[in-house]
Protein chains: 2
Amino acid sequence: MNPDLDRQRELVPLKAKRLKLHTQREAIAIVNRNCTVARSEGLTERARVELRGRERQAIARLYQVENTVVAIDEIGLSETAWRMLGLSQGDSITLHHPRSVDSMAGVRSKVYGHRLSSSDATAIFRDIVEGRLSDVQISAFIASLASQPPDVSEIVALTRAMVAIGDRLVWPGDVIVDKHCVGGLPGNRTTPIVVAIVAAAGLTIPKTSSRAITSPAGTADTMATMTRVDLSGEEMRGVVEQEGGCMVWGGGVELSPADDLLIRIERELELDCTSQMVASVMSKKIAAGSTHILIDMPVGRTAKVRSRADAEELSAFMKGVGEAFGLSVETVVSDGSQPVGDGIGPALEARDVLAVLECDRSAPRELRQRAIVLAAIILEMGSACPPGSGKTTATALIDNGGAFKKFVAICEAQGDFRRPVLAAYQHVIEVMRSGRIASVDNRRLARLAKLVGAPRSPSAGLQLHVNIGDPIEIGQPLITLHSESIGELQYALDYYRANTDLIEERAR
Amino acid sequence: MNPDLDRQRELVPLKAKRLKLHTQREAIAIVNRNCTVARSEGLTERARVELRGRERQAIARLYQVENTVVAIDEIGLSETAWRMLGLSQGDSITLHHPRSVDSMAGVRSKVYGHRLSSSDATAIFRDIVEGRLSDVQISAFIASLASQPPDVSEIVALTRAMVAIGDRLVWPGDVIVDKHCVGGLPGNRTTPIVVAIVAAAGLTIPKTSSRAITSPAGTADTMATMTRVDLSGEEMRGVVEQEGGCMVWGGGVELSPADDLLIRIERELELDCTSQMVASVMSKKIAAGSTHILIDMPVGRTAKVRSRADAEELSAFMKGVGEAFGLSVETVVSDGSQPVGDGIGPALEARDVLAVLECDRSAPRELRQRAIVLAAIILEMGSACPPGSGKTTATALIDNGGAFKKFVAICEAQGDFRRPVLAAYQHVIEVMRSGRIASVDNRRLARLAKLVGAPRSPSAGLQLHVNIGDPIEIGQPLITLHSESIGELQYALDYYRANTDLIEERAR
């Protein structure tokens, strides 16, 4: 259909009907099977269609219904489509063949193996965010990106494009520090501790974090059990100006709006795309205004990065992008063979964080050590202490209560400081056989924590009472499950019984 | 979610509600936003879910609705989902996390640049046909297939897989002939004439054809204006056994069930995937039981194949696949610079076909010539006449009425023989300037035919009264538009006025 011609036509408008249909970010339109407009336009079921309201347009997927939920002169819309068109009750819209989406030329060029320019990439990401590309089209983009070996200049182009389409924060001062962990390691909740130490030392660290995507807790989930995390960009600025740091949810600040959409497709494809991952991490740091960035990469058989070689490749890409943007990037390869803290799940991890900050005797030593190592590097990168003295400074800030005081101050600036609550039900799984702990499967442990309800129920999760190499005696507590419902506890126990080898023991 | 564990659980069933929602082949499930089952399973909007009925399972896309169209204890289903589960009114189903689809390993391996084995490809196509792969997943498959240069052994693997998942016809006799045209040329309706000649000469030609996908008419649309085309496999067999040939719609005989689904995704990506196209054509011929196949490839700036080099590459792939399956494959590169017959649209093309078969003086000469050339090659391939005498034999069979008699006999065996009817409205577009015809844009001419209503209205379409090189005088008829509605005629005229250069004239 020629769009110019199409525009001249007197098209019969359809009454927009809000279906209250939640589809995540997919725009869906449903017409009656006998709708004359759709029939005369030859718009069949599953066609892509363009909807035009008074001021705004949207591309949607068209379905047909054979009953009265949508009348012949109506068009039913999903929430996303309704919002994109900015409609009010009673509005009418017209239905058209969609114009070809220009950025698809870039997607096809990628499919045919060409490297993306940053203007191609910007056009693609903008169309993704504004809903002009369908999931089917985004999938072809991701697949073709994953099908070529990653290349630094292409990753730089992708990063630049992601930065271009989002908001960008600007801070006073030349040194803005940040950290990121290439996830996959349960309980590795160093961020709140590192931010507290670094801000206490006088550096600026405007930290945004994500909620869990596939894991039992994200840093934002953990922080949400102790304070408010859904701050706007303006509120975040206030907190950072007052306290030098923050720990907020990144979704409230639109730093990388294409991210969620890309990740959703990658999950459906069960595909990790290195280029996309590096660009996504680095673009968020750049958009957050960071100048000095530390990347923590836990390596282990059941962590996200599985070998030292993979970590080194990833590290080279991160540093390459940093160089292109004039940023200082350091990477740390850490042990990813087992969980770091004792708790897995939002509130249980928060308790570990507080235990470290309050120098509690029960605090997980590994979590404290890792937080100190990471904070030390950042302190030295940001020149907050003389070279070589990072560890001493960081340790002192925990031990003298300075970090805890800063943590509470940040939480209060964000809204309030609360102590995480315990779940209603606990169940202790005991060691069945004396011996020694041989290995821990991070992935299945994470699944166990999700089965008891994490992160949906913030207090749900598990505590792991052993580490690799520990000698164990029969009857000693191995794992404590925490849950808000007996049912979920039961599911998790069933799963554990079918997977007792998720923690492998070696007989003595 | 561990499937074994999941199976043990006592899951609360939901009442299945048939939404009468038409989605082409997408399985969609809609639950109420407050549905406790979905909430306790952590199944968010747009999740992939597994639905289990009493006997059958299906994977579907889950949406949520916030009103009473679907109650809290119900689950609404699209027609596809309803059919896949084999449900009856009042049935209940349970909702689960989907198991990982095994064939996705093959898709990922393709993304990472490995060539597909035929067992990988079979698993992928089977899951596509049975609805286990989502459109997002199919898209990644197509994109990764298109991202590598085509390779004969991979195309053979794809072809073998497509054959494996569909039905396969077996015929008595060693020689079963067939033809295919790599489309894109309006009015190139040689098939009915070729089938009539070849069957009249005593060869077996069980021809299946498609309906239009993006064009104004497919061979099946044209034949449907003269006879019944939606025959079952059994009915088709009867016709071929009686008459030696048939001209039926391929959709009634499931020879390549993955085809439509793949083509739908390719259209959304605006992507031509050579491997998929060759495998799709060849698999249908193999499944139809053909042993000798002729492929017609019109080459032209606005045809599907744009250069002789492309045609030669395509020809090599077709012949390579033929060799792997022990088939005799010939290809003909023909002129694709302008339409072949005068008519474009189902009934108008049918009239051209009949005019050729009945030796009418008005019959388009080019259509007659092409049909004779193609039939001649097939006659010689199938040893129905001595080498070198194909053209004479084919010409004689048209001129002595043998082909027309066979055509009518085949139509009657398929159900009936009807003459195509003319549309209610005609409008003649006249030549505006004397001179000579310089070029014809096949694509825009096809669009014009679609705007007047083809193929939806079988009698709609256009007649082109000139050919490239013809001298023309002002006022002489250029195009006659045929339509079932004044409105469509008006749309088409508006389009033509904005695109008068779709037929280029050179002034004398």
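The shown structure was predicted, so the numbers you read here are calculated from the model rather than taken from an experiment. Side-chain atoms are counted along with the backbone in the values below, which use heavy atoms only and exclude waters and symmetry mates. Throughout, protein chains are lettered first and strands after them, A, B, ... in sequence-line order, and every chain is numbered starting at 1.
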Taking the side chain from Arg108(B) and the backbone from Leu269(A), do they hold a donor-acceptor pair closer than 3.5 Å? yes
When you measure from the side chain of Glu268(A) to the backbone N and O of Gln137(B), does any donor-acceptor pair fall under 3.5 Å?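 No, Glu268(A) side chain to Gln137(B) backbone: no donor-acceptor pair under 3.5 Å.
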Looking at Gly487(B), Ala146(B), Gly113(B), Ser144(B), which makes the most heavy-atom pairs under 4.5 Å with chain A? Ala146(B)
Select, from Leu19(B), Thr23(B), Val65(B), Asn67(B), the one with the greatest count of heavy-atom pairs under 4.5 Å involving chain A. Thr23(B)
Please round to the nearest 0.5 Å and tell me the distance separating atom [atom1] of [X] and atom [atom2] of [Y].
X        : Y        : atom1 : atom2 : value
Gln64(B) : His22(A) : CD    : NE2   : 7.5 Å
Ile28(A) : Leu21(B) : CD1   : CG    : 8.5 Å
Thr80(B) : Arg46(A) : OG1   : CZ    : 9.5 Å
Arg61(A) : Glu26(B) : CZ    : CD    : 7.0 Å

Considering only heavy atoms, which portion of [X] lies under 4.5 Å from any heavy atom of chain B: side chain, backbone, both, or neither?
X         : answer
Arg444(A) : neither
Asn32(A)  : neither
Ile30(A)  : side chain
Arg33(A)  : side chain

Student check: side-chain heavy atoms of Val136(A) and Ile265(B) closer than 4.5 Å: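 Contact flag for Val136(A)/Ile265(B) side chains = yes.
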On a heavy-atom basis, the closest approach of Leu271(B) and Tyr112(A) is CD1-OH, 3.5 Å
Minimum-distance pair of heavy atoms, taken over all atoms of Ala143(A) and Ala143(B): CB-CB, 4.4 Å
Any chance CG of Asp151(B) has more than 12 other-residue heavy atoms, nucleotides or ligands included, within less than 6.0 Å? yes
Of Glu45(A), Lys450(A), Arg48(A), the largest count of non-hydrogen pairs under 4.5 angstrom with chain B goes to Glu45(A)
